[in-house]
Amino acid sequence: MPSQGRRPALPGTALLTDPDLRQPPVRPGGGTPRPTRTLAEERNGRNGPGPATVMVYVALALYAVGSLGAAITQLSMVGETFESSTAPEGRTWLWAGIQAGAAVVLAVAWLVWCSRVRAAAEEFAPGRLRYSPAMAVGSWFIPFGNLYLPKQIADDVWHASSPPSPAGATAPRARLHVWWGCWVFTVLTSPLYYGQAVVWADADNLDREDNGLSSAIYREGAYEWWYAHDLGTAGWPAVVLHLLAVPVAVATILYVSRLTALQEARRSGLTT
């Protein structure tokens, strides 16, 4: 029998070190936090970008290619001659179609991505973000409000996704600020950009030239008149805007990739 005043020795036990046997932390109010990754993702070790992020990358790259192709085509047509005023239209619709298709895909992918990163940020800082999760999508459709509301939401998402800091410091936000500046610039210049997207090779931008030859000579193979492409007053700024679409797309990709990396790092910290 054990002696009085002394507890019997407990049998030796082994600590549970297998990650699969760890219990999730309990919230102060009871219950457990919602998982940030599915079990399949944990088994596969998935830490890469999700489908919405990949679609944003693809749409941005396609849009940049369409804008660059349109600008190069416009520049190559300067001074070029055409038999009729409708001859260059095929080149217009090719690049305009690519840009329009990429813009639609980008808009859908972007809204889905914004919703996902806002939901993830709520898990990192429950109840501390301004505006409701629905505003991560709806703020883009509010006239004039889309010039500052999405930035406020992005600031909170970036802060919540940054590595924890006792002083509340956030990860460097240069990419966030550059992306937002590009967005505001895009909104302000969009009327000129899209206004020239499908009209830069129409009849209004073609000058008719007459060589003064008679119709008899024309029938022998020489042109009595022809059309020369002229960018005009609005054409040159439109070319510049099409070229600037490439660095804008790059800045957006850098912002998306950085925020995605920050959130993946936070998820890894919550699941280890």
Side-chain angles (χ1 to χ4, degrees), residues 48-80 88-114 116-117 139-140 146-148 150-151 154-155 157-158 171-202 205 229-262:
T53 306
V54 173
M55 286 305 301
V56 169
Y57 290 155
V58 172
L60 282 169
L62 186 59
Y63 193 85
V65 169
S67 297
L68 183 61
I72 293 175
T73 302
Q74 286 177 275
L75 293 174
S76 66
M77 288 174 56
V78 175
E80 188 175 349
E89 290 182 355
R91 306 185 191 184
T92 302
W93 291 106
L94 171 63
W95 296 113
I98 293 176
Q99 293 175 77
V104 172
V105 175
L106 176 59
V108 175
W110 183 259
L111 294 177
V112 173
W113 181 80
C114 289
R116 296 287 177 84
V117 296
S139 61
W140 296 98
N146 57 9
L147 294 176
Y148 67 92
K151 178 58 163 57
D155 285 336
V157 170
W158 189 276
R173 297 188 293 174
R175 296 190 186 187
L176 170 63
H177 296 321
V178 171
W179 158 73
W180 183 251
C182 290
W183 162 252
V184 174
F185 174 80
T186 300
V187 171
L188 297 179
T189 59
S190 58
L192 178 58
Y193 180 94
Y194 290 104
Q196 290 289 316
V198 295
V199 300
W200 49 267
D202 63 6
N205 291 331
H229 182 255
D230 182 14
L231 286 174
T233 303
W236 286 106
V239 169
V240 174
L241 292 178
H242 278 84
L243 292 173
L244 290 177
V246 176
V248 168
V250 172
T252 305
I253 289 174
L254 292 176
Y255 160 68
V256 171
S257 64
R258 180 56 178 157
L259 182 56
T260 300
L262 287 173

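When reading the values below, keep in mind they use all heavy atoms of this one structure, side chains included, and skip hydrogens, waters and symmetry mates. Starting from 1, each residue takes its place in the sequence as its number.
- Of all heavy-atom pairs between G66 and I98, the closest is CA-CG2, 3.8 Å.
- Under the 30°/60° scheme for interplanar angles, the aromatic rings of W179 and W110 are found to be tilted.
- Here the OG1-CG distance, from T252 to L106, works out to 8.0 Å after rounding to the nearest 0.5 Å.
- The structure places OG1 of T260 at 12.0 Å from CZ of R116, a figure rounded to the nearest 0.5 Å.
- Summarising the geometry, atom CG belonging to L94 is positioned 10.0 Å from atom CD belonging to Q99; distances are rounded to the nearest 0.5 Å.
- For R175, the salt bridge (Lys or Arg N to Asp or Glu O under 4.0 Å) test picks out no residue, with sequence neighbours left out.
- With a 4.5 Å cut-off on side-chain heavy atoms, W140 and C114 count as touching.
- Between W158 and R258, some side-chain heavy-atom pair lies under the 4.5 Å cut-off.
- To the nearest 0.5 angstrom, L68 atom CG is 11.5 Å from L244 atom CG.
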Residues 51-58, side-chain donor-acceptor partners within the protein, below 3.5 Å, at least two apart:
residue, atom, partner, partner atom, Å
T53, OG1, W113, NE1, 3.4
Y57, OH, S257, N, 3.4

Quick one: do V184 and Y148 satisfy side-chain contact (heavy atoms from CB on, under 4.5 Å)? Show the steps, please.
CA-CA 9 Å; V184 174; Y148 67 92; over 6 Å; no
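- Y255 OH to H177 NE2: the interatomic distance, rounded to the nearest 0.5 Å, is 11.0 Å.
- Of all heavy-atom pairs spanning V157 and V117, the tightest one is CG1-O, 3.8 Å.
- Here the straight-line distance linking atom OG1 of T186 with atom CG of L241 works out to 9.0 Å at 0.5 Å rounding.
- The two atoms that bring V246 and A64 nearest to each other are CG2-O, 4.0 Å, heavy atoms only.
- Side chains of V187 and L147 form a contact here, defined as non-hydrogen atoms less than 4.5 Å apart.
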